[in-house]
Structure formats: structure tokens, C-alpha cells
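Working notes, beginning with the structure itself.
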Amino acid sequence: MENHNYFSPSYSDASSGQYALPSNAAMFVASSTSSSSPSLSRPDYAKTPMDYANVLQQIMNISTQSLDEAQSRKQALNSHSMKPALYQVLMEIKDRTALALRNTQEEEPPDPQIVRLDNMLIAEGVAGPEKAGSAAANAMVAAGVSASSRASPGSDFGSPIEHSEYRNKLAQIRQIYQTELEKYEQACSEFTNHVLNLLNEQGRTRPISPKEIERMVNIIHKKFSSIQMQLKQSTCEAVMILRSRFLDARRKRRNFSKTATEVLNEYFYSHLSNPYPSEEAKEELARKCGITVSQISNWFGNKRIRYKKNIGKAQEEANM
DNA sequence: CTACATGATTGAGT
DNA sequence: ACTCAATCATGTAG
């Protein structure tokens, strides 16, 4: 109850000092003691230039005060019975003004870009649940289909090596991605905690509403998620490069088996007058050779053009 | 390593 | 949708 009168002795070292309080401190005293001490309830502390001079003088004097004295004053102020109520009011005002303005353009939930990257990483088996190899295999099949028509998985000799190599690299990327992600998350929560502590600390000397804190946390998370997006972006790129390195059939071309070429050549030369197999014939050949229909089409396309070229060359030579 | 063979891709033409 | 022609990128024989 005698909290409020502790302001007066030290601040009134000049002449008429008992009103010369910092403005908020004055409000404090005024609101809590309006009836008991009428002189304090009047906000006339800044009525004359002299009062301003007083305030300034007192501010200047702060540096000469002893630490203990300042501490004890701080404590007294903090434990003032009206402080929570005052802070409550200030917080509400803050929420209604500044924060309300900025709240309007928040809440734009998941960034489509990051969703896209997430989906891709999950599809590639980099993010999401580990499926012990099958993820990589699935990714391979998917890649094959999307890249264009690919060979049937079973008949490709040499592919087991590719698979395991691809899996290894993918696992490596996955590993890096996850440790990095963990690091970011840790840093994020560390930083968030730090800020929360700071805000809690400051909450004792200035009004900070829970909403404000929440907003701050949101901002932090947004910043960190933009960093995460970069990580995801580069991981996606790495996967893409890996994919093109190992899955692009053009890069890892395998010659067809000897028997397959024999079968194809046999068909070609026995239908030399019209080397255009029908859809059914292609399917038949594909079955016999253990390759896909589109590979058959490729082969015949290449064969026709190259046969023609060879014939032309041979005739040129014959003419000479 | 070079030169040629070969499967796949691309773009134009129909 | 299919073919042709050119081209790419690898496989392989010398």
C-alpha cells in the first residue's frame, strides 16, 4: 500500500517534485490512489515548463542513482497491484490497433510452392516414410513412365546394378536432406525459444500480449520455412540430376540381346518390301524379344532409315 | 582412344 | 498417331 509513495522522496530532490513522475508512473499512482490522495489524482504534473525541467533533471539523475536503489524501485513497480490491469488495457489497445492491421494479410496457409516440392520429395522417396528400397524402385518405374516409353523392368540385363547404385545415391540424398531438415528445425525451435524468453523478459517492462507473441512466432516460422524451401528446392534438383543420370534410358542404353536382334532382323528382312509391322505384329515381336512395343517401333524406325542409308552408300560405291 | 554401332529422343511432316 | 531424319549418348570392337 505504500508502494506509491516511494516515488516521491527520491524524485523530489529538487524543490516541488512529488508530481514530477514519468507519465506512466503518474497514471499508475493516479488510478490506484484517486481517492486517498486527491493531489496526486490531478494530472497536472506537466502543467508548467518547470515540471518538464524537473522530469528532465530526474532523468539525468538516473545515472547517478545506485543500482540497488534502481532495482528496488523496479521491483516495487513490478509488484504494484495495478500493474496487471494496466498492462491488460495496454495490450488490448495494441491488439486493436497495430496488430489488427497486420493480421489481415496473414493466414495464407500452405505456400503452393512448398507443397509442390513436398509432394515431389515424397514421390521420390526422399521425404516421408522410408520404404526400404521399394520407394526407389517405385521412383524408377515412375520415372521410366514419365520420361517416355521405357523397357519392361524384368528383361533388362544389367539393371540390378543401376538399381542399387541409384538406391545408394538416393539414400545419400535422403540422409543429407533429413539431417539438414533436423538442423533447421532445431535452429528454428532454438531461436523461437530464445525470442520467447526475450519477450517474456520484456513482458515485465512493457505490455506484450499473447497474440503479439504468437505473431512473432509465426514470423519466425515463416522465415525459417523459406530457408527450408531452399533446402527442398536444392534437394529436388539433386534428385532430378540423379534421375537423369541413372534413369534416362538414353544415357544408360543397353543393347538388346543377341536373340532379340536376330528375331527383329529376321522379321525385317523377311518383310523387306514392307517393313512396317502392324500393332499386333509389334506386340508379338515385343513378347518374343522381351522388350516393349515402343522399343520395337524405335528399332524398326532406326532400322529402316539405316538400311536405306546403307543401300544408298553401297550403290554409290558400286557406281564407282 | 577412335570409329563405328545402336537404342532413344526430338521435331517436322503427313 | 505414325514415320522420317537428324541427333544424342552410350556400347563396343579394333
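All values below come from the heavy atoms of this structure, side chains included, with hydrogens, waters and symmetry mates left out.
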Each nucleotide N or O in nucleotides 2-6 of chain B that has a protein N or O under 3.5 Å away: list the pair and distance.
residue	atom	partner	partner atom	Å
B:dT6	O2	A:R253	NE	2.9
B:dT6	O2	A:R253	NH1	3.3
B:dT6	O2	A:R253	NH2	2.8

Exercise for the section: Take A:V217 and A:V195 through the side chain to side chain contact (heavy atoms under 4.5 Å, CB included) test and state the conclusion after the steps. Expected result: CA-CA 8 Å; A:V217 169; A:V195 169; over 6 Å; no
Exercise for the section: Measure from the side-chain N and O atoms of A:E92 to the backbone N and O of A:V89, and report whether any donor-acceptor pair falls under 3.5 Å. Expected result: no
Handout entry: Nearest-Å distance for atom pair NZ/P, residues A:K258 and C:dA13
Key = 9 Å
Problem - Short side-chain to backbone donor-acceptor contact, A:S225 and A:Q228, under 3.5 Å - result: no
Problem - Rounded distance (Å) that lies between atom P of C:dT3 and atom CG of A:N302 - result: 12 Å
Problem - Side-chain N,O (A:Q295) to OP1/OP2 (B:dA8) below 4.0 Å - result: yes
Handout entry: NZ/NE/NH1/NH2 to OD/OE distance under 4.0 Å, A:R287 and A:E284
Key = yes
Exercise for the section: Give a yes-or-no answer on whether the side chains of A:R253 and A:N255 include a donor-acceptor pair shorter than 3.5 Å. Expected result: yes
Practice task
With sequence neighbours excluded, give me every salt bridge (Lys or Arg N to Asp or Glu O under 4.0 Å) pair touching residues 257-271 of chain A.
Solution key: none
Problem - Short side-chain N/O contact to C:dT3 OP1/OP2 from A:K282, under 4.0 Å - result: yes
Practice task
Quickly work out the A:K308 NZ to C:dC4 C1' distance and round it to whole Å.
Solution key: 7 Å
Exercise for the section: Indicate whether OP1 or OP2 belonging to B:dA8 is found under 4.0 Å from a side-chain N or O atom of A:N298. Expected result: yes
